[in-house]
Amino acid sequence: FHADHYFGMVFLLNEFLSRHPREKSLNIIGPVGIKDYIENLMELGYAKDLEEEKRFDIHYIEAEPGEEHDLESLKFIPYKMRHSSEKITALGYRIEMKNEDKVISYTGDTGPNDSIYKLAQGADLLISDCNFVEKPNNQHMEVKDIRKLRRELPIPPDIMLTHRAESIREMKSIEGIILPEDRNTY
C-alpha cells in the first residue's frame, strides 16, 4: 500500500459522500487488508465513518495472487509483482472484458519479473510501470526492460507506460508504445 496509489481513494470516496453523491454500488479491489486500509484512511482524512455515511454499497475484493475473480462484465486474476520490500504487497492484474473480448493487463509498480510475461501474453494492452530511462533497480521498470519485453513476447501487446518520468518521452517513437496524457481517452 504505497501512498501514491491508495491515498487518492480517500478523495474519491469523499466526493461520492458529499459533492457528487453516489448511489450505484462500488467494487474496490486490492491486496488483503484493503477494506481496513481504506476505512482507516477515511477516518484519518475526514473523520468519516464510511459505514455510517455512505448511501451506496461498497464491495471490497481482497485479491490473492493466482486467484480468479468473476464479476459481472469482467474477470480478473492478480499476479504478484516485485516492488520495494516484502512488507509491500504489489499486485498486477490481468483483466478480461467479457462483452468486448478484450484483455487488459496492468503491472502496477514493479521491477522486472517473470509474472509480467504471464500478464502480457495474449493481452490487447499492457499498462506498465516504466519509471526510469536508465537506473538499475528492482523496484520499477526501465526503458530497457520495456524494449526487452516487446522483443521477447511472441505477439507483443500495445504498451501504455505509467508511473513514468518525463525523460521517458523518447519511448514515444517506438511502435506500440503509448504515453498517456491527462484528459485524453484511449
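No experiment lies behind these values; they were computed from the predicted model shown.
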- Query: Considering residues, nucleotides and ligands other than E72, do more than 12 of their heavy atoms fall under 6.0 Å from its CD?
  - Reply: no
- Where do A120 and L126 come nearest, in terms of heavy atoms and distance? CB-CD2, 4.0 Å
- Task: Identify the heavy atoms of P31 and Y93 that sit nearest to each other, and give their distance.
- Result: N-OH, 4.3 Å
- So, K35 and E62, do they make that salt bridge, N to O below 4.0 Å? no
- May I ask whether V103 and I178 are part of the same hydrophobic cluster, defined by side-chain heavy atoms of I, L, V, M, F, W, Y residues being less than 4.5 angstrom apart, directly or through others? no
- Do I34 and I29 touch side chain to side chain, with heavy atoms closer than 4.5 Å? no
- What one should report as the nearest heavy-atom pair of G92 and M81 is N-CG, 3.4 Å
- How long is the gap from CG on D129 to OG1 on T162, to the nearest 0.5 Å? 6.0 Å
- Task: Output the distance between atom CZ (R19) and atom CZ (F11), rounded to the nearest 0.5 Å.
- Result: 12.5 Å
- Is there a side-chain contact between P65 and L91, using heavy atoms and a 4.5 Å cut-off? yes
- So do F56 and S25 actually touch side chain to side chain, heavy atoms under 4.5 Å? no
- Message: Which heavy atom of P157 sits nearest to which heavy atom of L125, and what is that distance?
- Response: CB-N, 4.1 Å
- Donor-acceptor contact below 3.5 Å, side chain R94 vs main chain L119: yes
- Query: Once you round to the nearest 0.5 Å, how far does CG of L41 lie from CG of D36?
  - Reply: 11.0 Å
- Task: Measure the spacing between CD1 of I28 and CD1 of I58 and express it to the nearest 0.5 Å.
- Result: 5.0 Å
- Task: Quick one: pull up NZ in K118 and OH in Y79 and give me the separation to the nearest 0.5 Å.
- Result: 7.0 Å
- Query: Any donor-acceptor pair under 3.5 Å linking the side chain of K98 with the backbone of L71?
  - Reply: yes
- Note on the structure: Between the CD1 atom in I104 and the CD atom in E96, the distance rounded to the nearest 0.5 Å is 11.0 Å
- Item | Donor-acceptor under 3.5 Å (R150 side chain, L153 main chain) | no
- Query: Quick one: are E64 and V32 in side-chain contact, heavy atoms under 4.5 Å?
  - Reply: yes
- Item | R22 side chain to R55 backbone, donor-acceptor under 3.5 Å | no
- Query: Between M42 and L17, is any pair of side-chain heavy atoms under 4.5 Å apart?
  - Reply: yes
- Task: If the plane angle is over 60° it's perpendicular, under 30° parallel, otherwise tilted; pick one for F76 and H69.
- Result: parallel
- When hydrophobic residues are tied together by side-chain contacts of less than 4.5 Å, even through go-betweens, does L161 share a cluster with L149? yes
- Message: For N184, I'd like to know if atom CG has over 12 heavy atoms of other residues, nucleotides or ligands within 6.0 Å.
- Response: yes
- Query: If we only count heavy atoms from C-beta on, is the S128 to I116 side-chain gap below 4.5 Å?
  - Reply: no
- Does any non-hydrogen side-chain atom of Q121 lie less than 4.5 Å from one of P154? yes
- Would you say the side chain of L13 lies within less than 4.5 Å of the side chain of L26, judging by non-hydrogen atoms? yes
- For M141 and I146, the nearest pair of non-hydrogen atoms, with its separation, is CE-CD1, 4.0 Å
- Query: Just by distance, do the side chain of D70 and the backbone of K75 share a donor-acceptor pair under 3.5 Å?
  - Reply: no
- Message: With a 3.5 Å distance limit and no angle check, can you tell me whether N99 reaches the backbone of M97 through a side-chain donor-acceptor pair?
- Response: no
